[in-house]
Amino acid sequence: MFLPISGVSAVGSEVKFCWLVKLLQRLQHKLLDNFFSVLSCVVSVPFYTGFLPLLFWSGHGKLARQMTLLMAFCDYLGNSVKDIVSAPRPCSPPVRRVTATEDEKENAMEYGLPSSHALNTVCLMGYLLHYVLAYGEHGSVMIAAGLSLAFLLVMLVGIARIYLGMHSLTDVIAGIGFGFVILAFWLAVHDHVDAFVVSEQNVASFWAGLSLLMCFAYPKPEFPTPSFEYHTAFNGVAFGIVYGIQQTYFHFHTPDAPLIFSPQLPLLAFAGRVLVGIPTILVVKFCSKALSKWLLPVMCSTLGIPIVSSCYVPALKVDNSKSKPDVKQGVGYLQRVFSLFPQKAFDVDTGIRFVQYASLAWSVVDLVPAIFTHLNL
């Protein structure tokens, strides 16, 4: 794993720009608290996670899979930079921090630079605008309106993160700048990525190896944060989408798939898809989590891989009162192989989290569309 950069210079910048946080918070009002909290939820990772299945089921397969992979890419790079730099968020107090949801409370436990909300908004709004202009009818008025809307949303999100006490001006500017760099890179390669995902051989094997590599090639922060957990979840989502698309592209996800509001997919049929699809993917997520909580520890023990658990498997939790943690391990070839890595025991929760989100994503593009076909939806 990479080592973090010292946070001394970051702290200096934090103090320098803290005046803007205090200035915005002088406008403190309940309406502004609610508005900026809702706006932050609308551009958060959980919102996109719920929105992307609807995009797949509405017939916009290419847009949905590109935004999913772009989101995973942004999540990995953004969280990696956060944990490498290890720059703290504005101190609270004296800064007033508004955390209206459990998700925001968890976000507050991460480091601050760059702002993930700003970064993700730039990338996803930018790619959505590119897609609409590239594949839809448009004129100069629509281009101007799209650019204005994207600019307004990015600015409002940046202001929201500062007003809520979640980020400094430095964090937001870094998020916007980094977002433009990632967006420019993605626009240069997205067609090649999509062609590879839908048509090349051994894509699932390649992506499985890439997912494993991304779990290990992740920086170790100065202090523990939930950033790696978010990365693992979206890493699993990306693998599940790629695997599912590979299996069912020519059945459900070709450019000829019916689009929402078309005669083949009226609004009522789409509503039926949502009512069937959402409970199905939640059941798949629940069942895959339960199964992996039982199966992964057994597999690791059998193969001789030393493991612990931070929350999912109580029997494997580390007892900090002991000098050495109790770990589930055996003796074998794989144990000697895994001993080459720096940590003595691996957190099985990473595998459980990856499996449950990969299963959820697979069900979005494979299982659920198959159910739609049987129900004539």
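None of the values given here were measured: they were computed from a predicted structure.
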Check your understanding: Ignoring hydrogens and geometry, is there a side-chain-to-backbone donor-acceptor pair from R89 to M166 under 3.5 Å?
Key -> yes
Practice item. Let me see the working for D171 and R161 under salt bridge (charged side-chain N to carboxylate O under 4.0 Å, His left out), right down to the final yes or no. Key: CA-CA 9 Å; D171 302 338; R161 303 311 287 166; over 6 Å; no
Review point. Taking atom OH of Y357 and atom OG of S359, what is their separation to the nearest 0.5 Å?
Key: 12.0 Å
**Study point:** Donor-acceptor contact present, side-chain Y218 to main-chain L213, <3.5 Å
**Key:** no
Exercise for review: Assess whether side-chain contact (heavy atoms from CB on, under 4.5 Å) is satisfied between V276 and L375, documenting all intermediate values.
Suggested key: CA-CA 10 Å; V276 171; L375 297 177; 4.1 Å; yes
Check your understanding: Are T225 and Y111 close enough, and set up right, to give a side-chain contact (heavy atoms from CB on, under 4.5 Å), and what steps lead you there?
Key -> CA-CA 7 Å; T225 73; Y111 289 109; 3.5 Å; yes
Exercise for review: Please report the closest heavy-atom contact between L360 and V284, naming both atoms and the distance.
Suggested key: N-CG1, 4.3 Å
Exercise for review: Consider only side-chain N and O atoms of Q66 and W186, and report whether a donor and an acceptor are under 3.5 Å apart.
Suggested key: yes
Review point. If we only count heavy atoms from C-beta on, is the F216 to L212 side-chain gap below 4.5 Å?
Key: yes
**Study point:** Pairwise side-chain contact, L128 with L63, heavy-atom cut-off 4.5 Å (strictly under)
**Key:** yes
**Study point:** Same cluster (ILVMFWY, side-chain, under 4.5 Å), W362 and V197
**Key:** yes
Practice item. Check whether any side-chain N or O of H117 sits under 3.5 Å from a backbone N or O of G158 as a donor-acceptor pair, and report yes or no. Key: no
Review point. Looking only at heavy atoms, what is the nearest atom pair of P114 and V81, with distance?
Key: CD-CG1, 3.6 Å
Practice item. Please report the closest heavy-atom contact between L259 and G59, naming both atoms and the distance. Key: CD2-O, 3.3 Å
Check your understanding: Step by step, would you call F270 with L54 a side-chain contact (heavy atoms from CB on, under 4.5 Å)?
Key -> CA-CA 9 Å; F270 178 72; L54 306 185; 4.2 Å; yes
Point to revise | D83 bridged to K220 by N-O distance under 4.0 Å | key: no
**Study point:** Evaluation steps, side-chain hydrogen bond (donor to acceptor under 3.5 Å, both in side chains), between D33 and Y163
**Key:** CA-CA 8 Å; D33 288 357; Y163 174 87; 2.7 Å; yes
Review point. Any donor and acceptor pair, going by atom type alone, linking the side chain of H231 with main-chain N or O of M214 inside 3.5 Å?
Key: yes
Review point. In the single-linkage hydrophobic clustering (I, L, V, M, F, W, Y; side-chain heavy atoms under 4.5 Å), do V203 and Y249 co-cluster?
Key: yes
Review point. Is it the case that S116 and K82 place a side-chain donor and acceptor less than 3.5 Å from each other?
Key: yes
Point to revise | Same apolar cluster: V189 and L77, side chain cutoff 4.5 Å | key: yes
Review point. Is a donor on one side and an acceptor on the other found under 3.5 Å between the side chain of S58 and the backbone of L55?
Key: yes
Review point. For S310 and D349, what are the C-alpha separation, side-chain angles and deciding distance, and is it a side-chain hydrogen bond (donor to acceptor under 3.5 Å, both in side chains)?
Key: CA-CA 7 Å; S310 53; D349 292 3; 2.7 Å; yes
Practice item. Consider only side-chain N and O atoms of D366 and Y243, and report whether a donor and an acceptor are under 3.5 Å apart. Key: no
Check your understanding: Mind checking whether I176 and L119 have side chains closer than 4.5 Å, heavy atoms only?
Key -> no
Practice item. With the side chain counted from C-beta on, respond yes when Y230 and D75 share a heavy-atom pair under 4.5 Å apart, and no when they do not. Key: yes
Check your understanding: Would you call D191-K62 a salt bridge at under 4.0 Å N-O?
Key -> yes
Review point. How far apart are the closest heavy atoms of L296 and I352, and which atoms are they?
Key: CD1-N, 3.5 Å
Do any side-chain atoms of residues 145-152 form donor-acceptor pairs under 3.5 angstrom with protein atoms, and if so which ones, sequence neighbours left out?
{"unit_1": "S148", "atom_1": "OG", "unit_2": "A144", "atom_2": "O", "d": "2.8"}

Practice item. Report the relative orientation of the aromatic rings in F372 and W57; use parallel for angles under 30°, tilted for 30 to 60°, perpendicular for over 60°. Key: perpendicular
Check your understanding: For the atom pair SG (C215) and CZ (F228), what is the distance rounded to the nearest 0.5 Å?
Key -> 5.0 Å
Check your understanding: Under the side-chain contact (heavy atoms from CB on, under 4.5 Å) criterion, do H130 and L183 qualify, and how do the steps go?
Key -> CA-CA 10 Å; H130 161 80; L183 177 61; over 6 Å; no
**Study point:** Shortest non-hydrogen contact between S292 and P297, atoms and distance
**Key:** O-CD, 3.5 Å
Review point. Shared ILVMFWY cluster between F252 and V274, side chains joined below 4.5 angstrom?
Key: no
Review point. Does one hydrophobic cluster hold both L282 and L52, with members joined at side-chain heavy-atom distances below 4.5 Å?
Key: yes
Point to revise | T248 side chain to V365 backbone, donor-acceptor under 3.5 Å | key: yes
Practice item. Verify the ring-centre separation between F185 and F73: is it less than 6.0 angstrom? Key: yes
Point to revise | Residue pair K285 / Q356: nearest heavy atoms and the distance that separates them | key: NZ-OE1, 3.4 Å
**Study point:** Min side-chain heavy-atom separation I241-F56 under 4.5 Å
**Key:** yes
Point to revise | Rounded distance [0.5 Å steps], CD in Q246 versus NE2 in H253 | key: 11.5 Å
Review point. For M155, does the CE atom have more than 12 heavy-atom neighbours from other residues, nucleotides or ligands under 6.0 Å away?
Key: yes
Check your understanding: Any chance the side chains of E110 and S227 put a donor and an acceptor closer than 3.5 Å?
Key -> yes
Check your understanding: To the nearest 0.5 Å, how far apart are CD in E229 and CG in N79?
Key -> 11.0 Å
Point to revise | Flag for Y127-H190: side-chain donor and acceptor within less than 3.5 Å | key: yes
Exercise for review: Find the distance between SG (C287) and CG (L291) and round it off to the nearest 0.5 Å.
Suggested key: 8.5 Å
Review point. Between CG of L377 and CG of L265, what distance do you get to the nearest 0.5 Å?
Key: 9.0 Å
**Study point:** Set of residues satisfying side chain to side chain donor-acceptor pair (under 3.5 Å) with respect to S262, sequence neighbours excluded
**Key:** Q264
Exercise for review: For the pair S301 (side chain) and V298 (backbone), establish whether a donor and an acceptor sit closer than 3.5 Å, ignoring hydrogens and angles.
Suggested key: no
